[in-house]
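What follows is a single structure, written as structure tokens, with notes after it.
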Amino acid sequence: MPATKRILILTLALTTLALVGCQSWRKENRAKNNKAVVAEVEEGFRQRWIEQRAAELMNRGVSPNLARSQAIEEFRLNYGFTGAAKQ
């Protein structure tokens, strides 16, 4: 590849990077997005876990209200380190 072609490609790549990508790579933006993603994932896990555990308890003959209450309490005991357990 001729040197002038390499220089042109490199110049275009650097210009594109400077115009488009630099602001999206800032650490503050990633931190805010990561916290929101973590909270969303934890809440989804919490809901699925409680639904599954409550269904298991109801299959054993526990009333639906008591099963859900027990499932919520078990989640808090088992996963108290998560943000979802503190809700």
Side-chain angles (χ1 to χ4, degrees):
M1 183 184 287
T4 56
K5 196 171 188 179
R6 285 187 201 154
I7 292 172
L8 178 62
I9 291 173
L10 182 59
T11 303
L12 288 173
L14 290 174
T15 303
T16 303
L17 179 62
L19 293 174
V20 175
C22 290
Q23 292 300 318
S24 64
W25 293 347
R26 291 175 53 189
K27 189 173 183 177
E28 302 89 45
N29 290 339
R30 285 191 310 220
K32 289 178 188 174
N33 290 340
N34 286 344
K35 288 178 184 177
V37 170
V38 168
E40 186 177 328
V41 169
E42 284 185 352
E43 182 56 29
F45 171 69
R46 176 184 172 274
Q47 290 174 358
R48 288 189 309 276
W49 194 94
I50 289 171
E51 287 175 15
Q52 182 177 356
R53 182 62 180 141
E56 290 172 1
L57 292 169
M58 286 187 288
N59 286 338
R60 293 180 183 175
V62 178
S63 71
N65 289 339
L66 184 58
R68 180 158 174 78
S69 297
Q70 183 175 338
I72 291 170
E73 185 58 30
E74 287 178 12
F75 183 85
R76 285 188 188 132
L77 291 173
N78 292 322
Y79 301 102
F81 59 88
T82 65
K86 296 173 181 143
Q87 294 179 357

(message) Same cluster or not: Phe81 versus Phe45, using hydrophobic residues (I, L, V, M, F, W, Y) connected whenever any side-chain heavy atoms lie under 4.5 Å apart?
(response)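 Yes; Phe45 is reachable from Phe81 via cluster members.
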
(message) Between Phe75 and Ile72, is there shared hydrophobic-cluster membership here, with clusters defined by ILVMFWY side-chain heavy atoms closer than 4.5 Å?
(response)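 Result: yes, single cluster for both.
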
(message) Under a 3.5 Å threshold, yes or no: a donor from one side chain and an acceptor from the other, between Gln70 and Glu74?
(response)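 The answer is yes; a qualifying pair exists.
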
(request) Of all the heavy-atom pairs spanning Ala67 and Ala54, show the shortest one and how long it is. (result)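 Here Ala67 and Ala54 meet closest at CB-O, 3.7 Å.
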
(request) Quick one: closest heavy-atom pair of Ala71 and Leu57, and the distance? (result)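 Shortest heavy-atom separation between Ala71 and Leu57 comes out as N-CD1, 4.2 Å.
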
(message) Under a 3.5 Å distance rule, please check whether Arg68 uses its side chain to pair with a backbone N or O of Pro64 as donor and acceptor.
(response) no

(request) Working to the nearest 0.5 Å, report the span between CZ of Arg6 and OG1 of Thr11. (result)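 Arg6 atom CZ to Thr11 atom OG1 measures 13.5 Å (nearest 0.5 Å).
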
(message) Quick check on Gln47: does its CD atom have over 12 non-hydrogen neighbours (other residues, nucleotides or ligands) under 6.0 Å away?
(response) yes

(message) Any heavy-atom pair between the side chains of Trp49 and Asn78 that's under 4.5 Å?
(response) yes

(request) Check the pair Arg46, Glu43 against salt bridge (charged side-chain N to carboxylate O under 4.0 Å, His left out), reporting the backbone distance first and the verdict last. (result) CA-CA 5 Å; Arg46 176 184 172 274; Glu43 182 56 29; 3.2 Å; yes

(request) List in chain and number order the residues that pass side-chain hydrogen bond (donor to acceptor under 3.5 Å, both in side chains) with Glu56, two or more places apart in sequence or in another chain; answer none if no residue qualifies. (result)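 Checked Glu56 against side-chain hydrogen bond (donor to acceptor under 3.5 Å, both in side chains); matches are Arg53.
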
